[in-house]
Amino acid sequence: MLDFLTLERAERDLFHGWCHAGLPRRAFGGQVAAQALTAAGGTVEDDRRVHSLHGYFLRGGNPARPIAYRVERLTDGRGYASRRVTARQGDEVIFTLSASFTRPEEIPGRQLSMPPTTPPEDLPNAFRAWAARDPEGFGQFEIGRVLDVRRAPETWPDRAGGTEQRLWIRSAAPLPDGPLVHMCALTYASDLMLAPVAALDVEAPGVLSAGPDTSRHFLASLDHAVWFHRPFRADEWLLVVQRGPTAGDGRGLVHGEFWSRDGRLVASVVQETVLRPRRSP
């Protein structure tokens, strides 16, 4: 995970990195977003913490080519700092990110209670079926090497028309103590299995049983936003509750909540994805 987040600093506000594939021949969007956040975080003071990011996936990245991340320093105020990051491959912009940073404030707050779920120790690895069916293909799945993912099998009542799944996620290896590393790791993980939730009413996530790009629907992330609420560690279990409240007009919307093991709501994510049936060849 740490290797996937590390960038080479070429200039004061220019960073270079490489992203592995999420789908065949397409860079994993979660890593692109996490690296863009790494670049933005490298230009702010150490006592600031990112509290939100908003990204747009403009083109599919090529995992065989490096990505250049250019940071623009928009504001450095007393309370907040803002950055914009443009990710390019050659002359093409593939992703843009806006990120906002602030200094932590010790002010009491509130939150919803954590929903009940089977603990991760009682669940198998979410990719076990795929790994058993296609060991060679799974061996090339980088995400499965750096993330430990468990999928809760239960179903929960929801309002008609919605979809939902619950996952436990953590980094497969320990991470350093710096808060930015854990926020970037969560950003990396936040894109995993999120788009398929928009289609859960018609099919199960294919990546669990047969590998990426096996869905009967075409799914592609359009935009992605994350809000960080409370401190956490990405190398400790986080419960992710993903819900799809609406789909239509060729798009689906999915909300996600990240909960620490002790019941703190640590982050929220929202993503809109292209959602349409695949055309027959």
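Only a predicted model underlies this, so the values are computations on that prediction, with no experimental measurement involved. Excluded from the calculations below are hydrogen atoms, water molecules and symmetry mates; all remaining heavy atoms, backbone and side chain alike, are included.
Residues Thr38 and Cys184 share a closest heavy-atom pair of OG1-SG, 3.3 Å. The two residues His54 and Ala225 come nearest to each other via the heavy atoms ND1-CB, 3.6 Å. Summarising the geometry of Leu14 relative to Ala68, their closest heavy-atom pair is CD1-CB, 4.3 Å, with the distance given to 0.1 Å. The shortest non-hydrogen separation linking Ser260 to Met114 is O-SD, 3.6 Å. Considering every non-hydrogen atom in both Arg26 and Leu219, the closest pair reads NH1-O, 4.1 Å. Heavy-atom minimum distance, Ala185 versus Ala234: CB-CB, 3.7 Å.
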Distance-only donor-acceptor pairs under 3.5 Å for side chains of residues 136-150, two or more places apart:
from	atom 1	to	atom 2	distance (Å)
Glu142	OE1	Arg145	NE	3.0
Glu142	OE1	Arg145	NH2	2.2
Asp148	OD1	Arg150	NE	2.9
Asp148	OD2	Arg150	NH2	3.1
Arg150	NH1	Pro120	O	2.9
Arg150	NH1	Leu123	O	3.0

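Counting heavy atoms from C-beta on, the side chains of Arg70 and Glu11 come closer than 4.5 Å. At least one side-chain heavy atom of Val197 sits under 4.5 Å from a side-chain heavy atom of Thr163. A 4.5 Å side-chain heavy-atom check between Ile94 and Ile67 finds at least one atom pair inside the cut-off. Side-chain contact check for Val85 versus Phe95: every heavy-atom pair is 4.5 Å or farther apart. Within the 4.5 Å cutoff, side-chain heavy atoms of Gln165 are placed close to those of Arg151. Taking the side chain as every heavy atom from C-beta outward, Glu92 and Arg59 approach each other to under 4.5 Å. Between Val274 and Arg251, the closest side-chain pair of non-hydrogen atoms is not below 4.5 Å. Using a 4.5 Å cut-off on side-chain heavy atoms (C-beta onward), Val254 and Arg243 make no contact.
Under a cut-off of 6.0 angstrom, the local environment of CZ in Arg84 is sparse, with at most 12 non-hydrogen atoms contributed by other residues, nucleotides or ligands. Around CG of Asp46, the count of heavy atoms belonging to other residues, nucleotides or ligands within 6.0 Å does not exceed 12.
Within the 3.5 Å criterion, the main-chain N or O of Gly30 finds a donor-acceptor partner in the side chain of Asp191. No side-chain donor-acceptor contact under 3.5 Å links Arg9 to the backbone of Ala39. The backbone N or O of Asp76 sits nowhere less than 3.5 Å from a side-chain atom of Arg73 that would complete a donor-acceptor pair. In this structure, Thr273 contributes its side chain and Ala220 its backbone to a donor-acceptor pair below 3.5 Å. Gln111 contributes a side-chain N or O that, together with a main-chain N or O of Leu265, makes up a donor-acceptor pair within less than 3.5 Å. The backbone N or O of Cys19 lies less than 3.5 Å from no partner atom in the side chain of Gln35, so there is not a single donor-acceptor pair. With hydrogens and angles disregarded, a donor-acceptor distance shorter than 3.5 Å links the side chain of Thr75 to the backbone of Ser82.
Arg83 and Thr43 share a side-chain donor-acceptor pair at under 3.5 Å. In summary, the side chains of Gln271 and Ser221 do present a donor paired with an acceptor at a separation below 3.5 Å, with no hydrogens or angles considered.
Remark: Arg166 engages Glu164 in a salt bridge, criterion side-chain N to carboxylate O under 4.0 Å. Ion pairing between a basic and an acidic side chain is recognised when a charged N comes within 4.0 Å of a carboxylate O; Glu121 and Arg261 show such pairing.
Classification of the Phe228-Phe232 ring pair by plane angle, with boundaries at 30° and 60°, yields parallel. Between Phe28 and His20, the two ring planes are parallel [angle under 30°; tilted spans 30° to 60°].
A single hydrophobic cluster is seen to contain both Leu175 and Leu192, as judged by linkage of ILVMFWY side chains at heavy-atom distances under 4.5 Å, directly or through other members. Residues Leu238 and Trp227 do not share a hydrophobic cluster, defined by chaining ILVMFWY side chains whose heavy atoms lie under 4.5 Å apart. In the hydrophobic clustering of this structure, Leu2 groups with Ile169; members are Ile, Leu, Val, Met, Phe, Trp, Tyr whose side-chain heavy atoms approach within less than 4.5 Å, directly or through other members. By the rule that hydrophobic residues join a cluster once side-chain heavy atoms approach within less than 4.5 Å of another member, Leu239 and Trp237 end up as members of one cluster. Tracing side-chain contacts under 4.5 Å through hydrophobic residues (I, L, V, M, F, W, Y), one reaches Leu186 starting from Leu7; they form part of the same cluster.
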Exercise. Check the pair Asp223 / Glu272 against side-chain contact (heavy atoms from CB on, under 4.5 Å), numbers first and verdict last.
Key: CA-CA 6 Å; Asp223 57 356; Glu272 189 174 43; 3.1 Å; yes
Quiz item: Under the side-chain contact (heavy atoms from CB on, under 4.5 Å) criterion, do Arg49 and Met183 qualify, and how do the steps go?
Solution: CA-CA 9 Å; Arg49 304 286 182 267; Met183 291 176 170; 4.1 Å; yes
Quiz item: Would Gln242 and Leu200 satisfy side-chain contact (heavy atoms from CB on, under 4.5 Å), going step by step from the backbone distance to the final call?
Solution: CA-CA 11 Å; Gln242 300 171 330; Leu200 273 182; over 6 Å; no
Quiz item: Given the rule in the salt bridge (Lys or Arg N to Asp or Glu O under 4.0 Å) test, do Asp235 and Arg170 qualify, once you have shown the distances and angles that lead to the verdict?
Solution: CA-CA 5 Å; Asp235 52 6; Arg170 67 177 177 183; over 6 Å; no
Self-check item: Audit row: Arg264, His229, side-chain contact (heavy atoms from CB on, under 4.5 Å) steps and yes/no
Solution: CA-CA 9 Å; Arg264 292 175 297 113; His229 310 307; over 6 Å; no
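Expressed to the nearest 0.5 Å, how far CG of Leu180 lies from CZ of Arg48 amounts to 14.0 Å. For the atom pair Glu105 CD and Ile107 CD1, the distance stands at 4.5 Å (nearest 0.5 Å).
Residues in residues 66-85 take part in these ring-ring contact (aromatic ring centres under 6.0 Å, His included) pairs, two or more places apart or across chains: His51-Tyr80. Every pair tested for ring-ring contact (aromatic ring centres under 6.0 Å, His included) that includes a residue from residues 239-267 fails, sequence neighbours excluded, so the list is empty.
For the pair Arg65 and Trp18, the cation-pi test (distance below 6.0 Å, angle within 45°) is failed.
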